[in-house]
Number of protein chains: 2
Amino acid sequence: MSRRKTDRRVLRTRRQLQESLMSLVLEKGYDAVTVEDITERADLGRTTFYLHYKDKDDLLLQSLETVYDDLVEQIQQRTVDEWVADGQGPWTLAFRHAADNARFYQIILSGQGGSVIKNRVQNYIAATAQRTISQLTQELGVTPSVPLEVLSHYIASSLLGLIAWWLQHDQPYTVAEMDAYFRQLAMQGTTQVIGIGL
Amino acid sequence: MSRRKTDRRVLRTRRQLQESLMSLVLEKGYDAVTVEDITERADLGRTTFYLHYKDKDDLLLQSLETVYDDLVEQIQQRTVDEWVADGQGPWTLAFRHAADNARFYQIILSGQGGSVIKNRVQNYIAATAQRTISQLTQELGVTPSVPLEVLSHYIASSLLGLIAWWLQHDQPYTVAEMDAYFRQLAMQGTTQVIGIGL
DNA sequence: TTATATTATGAACACCATGTTCGTAATTGT
DNA sequence: ACAATTACGAACATGGTGTTCATAATATAA
């Protein structure tokens, strides 16, 4: 007993299902993919799918969590001081990651993709942002004039919104440009960006 | 001949379908509503639905357009000077409109609601913002340091994102507070909001 | 290696929503 | 009143979902 998740079959099955979904999304879009499509490509019985996941959304969300583990590590490895020193922010990595998996996010973020997905990703970003900002303000001993939650969700939605727009228009600007634009908008505000004095 | 859309039956049918959808969404959510639900409540044959709309999304989108006509008029009736003079922006109306139809947008914007809906609304806001900003910069004779499209989509996504968060958390702040927060964030930027000098 | 528990299988099933067809009835504008 | 349009409803084909169950395959622990 107490043989938790060591069973090779389980790991193998889940990995195949995740890979199958990813590749199918790139070919047919998200909505068009059926559970049977997935299991067929994975060389598994359709019944097996429901042995591991509740539905298609469930599979995608768990897959994304796996994917994000890399990103989270990258972000958390750098200290706040380093971000400030670089004059960059965690969003640089976000733009890069999005560009690397452009076709995938183009579909997922289009809204065509699963219904709840985009919101989940946004909440994830917001939570990360909140942690970072909270840490930053404590180190500097300052107090934001806007509730932390409002602040973090503002950043998360604008960042994800820009990324979605950027990808859907086939990246009309480089990663560096988008990073610069976002930095100006988020940090200095639209007033200065537009060119109005104060 | 040339009796375009004057037929009472057509107008009556479409109005009933729209009203039925709206009320059903408030009761069951968006996904849970079926075409039969709609036609049943509207006292119409299911076949009739397909005589007017392609599917559920089609009906919702056309309904929203109707709803937005009011909002657009309100916004366009005020000149840029008036907005600047007030120290407000069109977003004030957006927060108010959202609050007035809170339960509806709570569902629609949750992502649970139709897949493409949220994106459409966002694009609509972005387009409106772009028109407004374009007009503003021409009057003032300034040139933004960020492409207009980037700017407008930044504003649109952050505004809609904040509204969505605000509604999903049952409006933890007043309209006035949210308006003030958004104004600070959008215009002055996060740097000043957080409390970092420059 | 053997025993036992776990997992994969595939056929079958019930279910439900979708979108279309077609002949008929009702209503409308002229 | 007449011709055109629209609403009707029953029927049908389609297709995906999620579940059940008996059976086979496979992994783990002893």
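In what follows, chains carry the letters A, B, and so on, assigned in the order in which the sequence lines appear, proteins first and then strands, with residues in each chain numbered from 1. Bear in mind that the values here come from a model prediction, so they are computed numbers and not experimental data.
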- Task: Could you give me the CA-CA distance, side-chain angles and deciding distance for A/Phe95 and A/Trp166, then say whether ring pair (Phe, Tyr, Trp, His ring centres under 6.0 Å) is met?
- Result: CA-CA 9 Å; A/Phe95 279 111; A/Trp166 181 52; 5.6 Å; yes
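Between the CD atom of A/Gln16 and the C1' atom of C/dT7 there is a distance of 14 Å, rounded to whole Å. Spacing between atom CG of A/Asp7 and atom P of C/dT6 amounts to 10 Å, rounded to whole angstrom units. Atom P of nucleotide D/dT17 and atom CD of A/Glu40 are separated by 13 Å, given to the nearest angstrom. Atom CZ of B/Arg46 is separated from atom C1' of D/dT6 by 18 Å (rounded to the nearest Å). One can place CZ of B/Arg15 at 17 Å from P of D/dT6, the figure rounded to the nearest angstrom. If you take OH of B/Tyr50 and P of D/dA7, they are 16 Å apart, rounded to a whole angstrom. A/Lys54 places its NZ atom 13 Å from the C1' atom of D/dT17, with the value rounded to the nearest Å. Atom CG in A/Leu11 sits about 15 Å away from atom C1' in C/dA8, given to the nearest Å.
Taking 4.0 angstrom as the limit, A/His52 places a side-chain polar atom (N or O) nearer than this to OP1 or OP2 of C/dA8. OP1 or OP2 of C/dT9 lies within a sub-4.0 Å distance of a side-chain N or O belonging to A/Thr48.
A cation-pi arrangement is present between A/Lys56 and A/Tyr30 under the rule of less than 6.0 angstrom and at most 45 degrees off the ring axis.
When atom types are taken as modelled, the side chain of A/Arg103 and the backbone of A/Leu26 share a donor-acceptor pair closer than 3.5 angstrom.
Taking for each of A/Val35 and B/Thr47 the nucleotide of DNA chain D with the nearest heavy atom, the 5'-most of the two is the partner of B/Thr47.
Side-chain atoms of B/Gln184 and A/Ser145 include a donor-acceptor pair closer than 3.5 Å.
In this structure, A/Asp37 reaches neither bases nor backbone, as no heavy-atom distance under 4.0 Å exists between it and the strands shown.
In the interface, the side chain of A/Arg9 is paired with the base of C/dT6 through a donor and an acceptor atom under 3.5 Å apart.
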